[in-house]
Amino acid sequence: MLRAPAPFRIEDLALLGNTRSAALVRLDATINFACLPDFDSPAVFTSMLGGEEHGFWRVGPAVYDGSPPPGADRRQYLGDTLVFRQEWDTDTGTLAVTEFMPAPTVTDDADPQIIRIVECVSGVVRVASVFRPRTDYGATLPTIQRFNHGTPRLSATTHPDSFWLDGAHHTVNRDGVCRADFTLHARQSLSLTLTWKPSHQPAPIPLDAFAELDATVEYWEQWVRGCTYRGPDREAVVRSALTLKAMCHPGGGVVAAPTTSLPEQLGGERQWDYRFVWLRDSALTIAALIRLGQLEEARRWRQWLATTVNPQHLQPIYRLNGDTDLDEEVLHHLGGYEGSQPVRIGNGAADQLQLDVFGELADTLLLAEDAGLPADPQIDALLLALITQVELRWKEPDEGIWEIRGEARHFTHSKVMCWVAVDRTVRLLERRTTTDSAVLVRLAELREEIHHDVCTQGVDPERGVFTQYYGGQDLDASLLLISQVGFLPADDKRVIATIEAVQHELTEHGLVLRYATHEASDANVDGLAGHEGAFLACSFWLAEGLAAIGRTTEARQLFDRLLALRSDLGLLAEEYDPLVGRQLGNYPQAFSHWSMVDAAVRLAPRPRSRRAAPPRPRVAVEQAAPAAVVA
């Protein structure tokens, strides 16, 4: 038996997705969070962050005595897809609910839907559909209308959105709660379809749910067939790849997660909205997919960059459509997941300077071309404009990869990634016959200058380890990436010392923290009060780092432990609290899943290239700047 549904853990949620939007489903078949038509649209079901009055849709065994609906006895994704199935063994029979969001069409402009096929596997089962839409993140009761001509349907409308529910006769009470009760006998089934439409458009045409199911299964299975990974962790890698693909919008943007405000500390203030395109996160997600042989997402992402990013006014975060308005707002009407407030929409980090972004972009652009995407003059022009900004700004303090809300600092990782940006740009420009040699000389000198600066100011001279920021002594998990990006070889003493220091000083119960946090907020580099869970991506980085310095047995043990922390569906949130044994943070989290993919590829018993580097990265780095390897 699976865990009881209430109160639900973050890892109890299942992901439904169509690469444009997403919905989350509890063990009791309650959809408690869904944003339609896009990831960053206002939610129509928001009970995940409040109560049932903030919107949900449940389809499962009927309950009449006021007791909570039962959790499923079994659940799984169907094969290598995002089609989800749950089953309940009741006193009178077995019920199954198969649900999915239909796969993207060729034109990617179909109205998003959630389809739930209810089937009596054996016996007789009484079923209930309870539909309580609340638009604008649970704040607004929409206008609900019933239509009983032909196929029963109802609509819930709040301009500019309408939500159409087809498939069963629902009653509607004064609170806008819609309910349908029906009985299914063995081998009988009924489909329920929720469709989003602009409120000014006519009602949707009902579709064949079973035909959509077949098409969606084929879509995902065909996509997975393009995955080139054949290592020992294929099941885990494929599930992570599917999860990452689900976050790749057809327009080319890639969201960091499909949720907002799931807490990094239960009851704390560390809640953020991740339903946007972080340039860093999107680049690293695309890089992971490229390493798995998937290039279409990279093509769309490059085009999104070319049409969205203005290097002179670079933001670390954008909306899916490229808009730059991400003003942060607190939703006071929502109590938060397990009382964790505030609930936020928008993200104030969009106004920050995060210098590492330049490096991740250049890194993945080089990897995409190495993987077979053709050179593009637009991308070359974009990259040169980005490097111009690096030349102008690399000496400034910034908010770094963790986008701190405290004082800007000279973060070592940020400077390393500035070096990466210049290094990758030099490599690309060396391939172009039209490149001015004077430009190459200037950039090579800049690359060496940044390298020397990091090696002299970013290292604790007493301990011989890299530090979180210039002049400090604290560690930071992002320093584990120094050898992975080719800044220094893995056998460099400073690299080894840093990896071992992070392992021994920046872990809790063997899992890696991003950086040290303290009880007093004024003592935290991030400017926030409280603690947070172990960061799963950083723990995967440690596994990679241990493997790189030859400690392969420890690396494999840590990696296997991290795999065991996944939900029963193979999903990962942002963080994990080893004390209470729970996942924390927004879910599922692209950062965790691409890090898992990278670690699996590195630990596989076969040769692989370094992160986002050509076939012989170390040789390329050392030949390009031999003097820069020594401080």
Less than 3.5 Å apart, any donor N or O on the side chain of Ser414 or Asp398 sitting next to an acceptor on the other?
yes
Thr467 versus Asp460, side-chain donor and acceptor atoms under 3.5 Å
no
Does a salt bridge link Arg393 with Glu396, judged by any charged N lying under 4.0 Å from a carboxylate O?
yes
Hey, can you tell me if Trp541 and Trp594 have their rings parallel, tilted or perpendicular (30° and 60° cut-offs)?
tilted
Between Arg344 and Glu329, is there a salt bridge with N-O shorter than 4.0 Å?
no
Please check if the number of heavy atoms outside Gln473 that lie under 6.0 Å from its CD is greater than 12.
no
Distance-only donor-acceptor check, side chains Tyr274 and Asp281, under 3.5 Å
no
Looking only at side-chain N and O atoms, does Gln341 offer a donor or acceptor that is under 3.5 Å from a partner on Gln271?
no
Do Ser282 and Trp301 have side-chain atoms, one donor and one acceptor, less than 3.5 Å apart?
yes
Within 45° of the six-membered ring axis of Phe39 and under 6.0 Å from that ring's centre, is NZ or CZ of Arg275 located there?
no
Is it true that Glu449 and Trp394 share a donor-acceptor pair across their side chains at a distance under 3.5 Å?
no
Below 30° counts as parallel, above 60° as perpendicular, anything between as tilted: where do the rings of Tyr515 and Trp402 land?
tilted
Are Arg551 and Glu554 close enough for a salt bridge, meaning some N to O gap below 4.0 Å?
yes
Could you tell me whether Glu445 and Arg442 make a salt bridge, using a distance below 4.0 angstrom between a side-chain N and a carboxylate O?
no
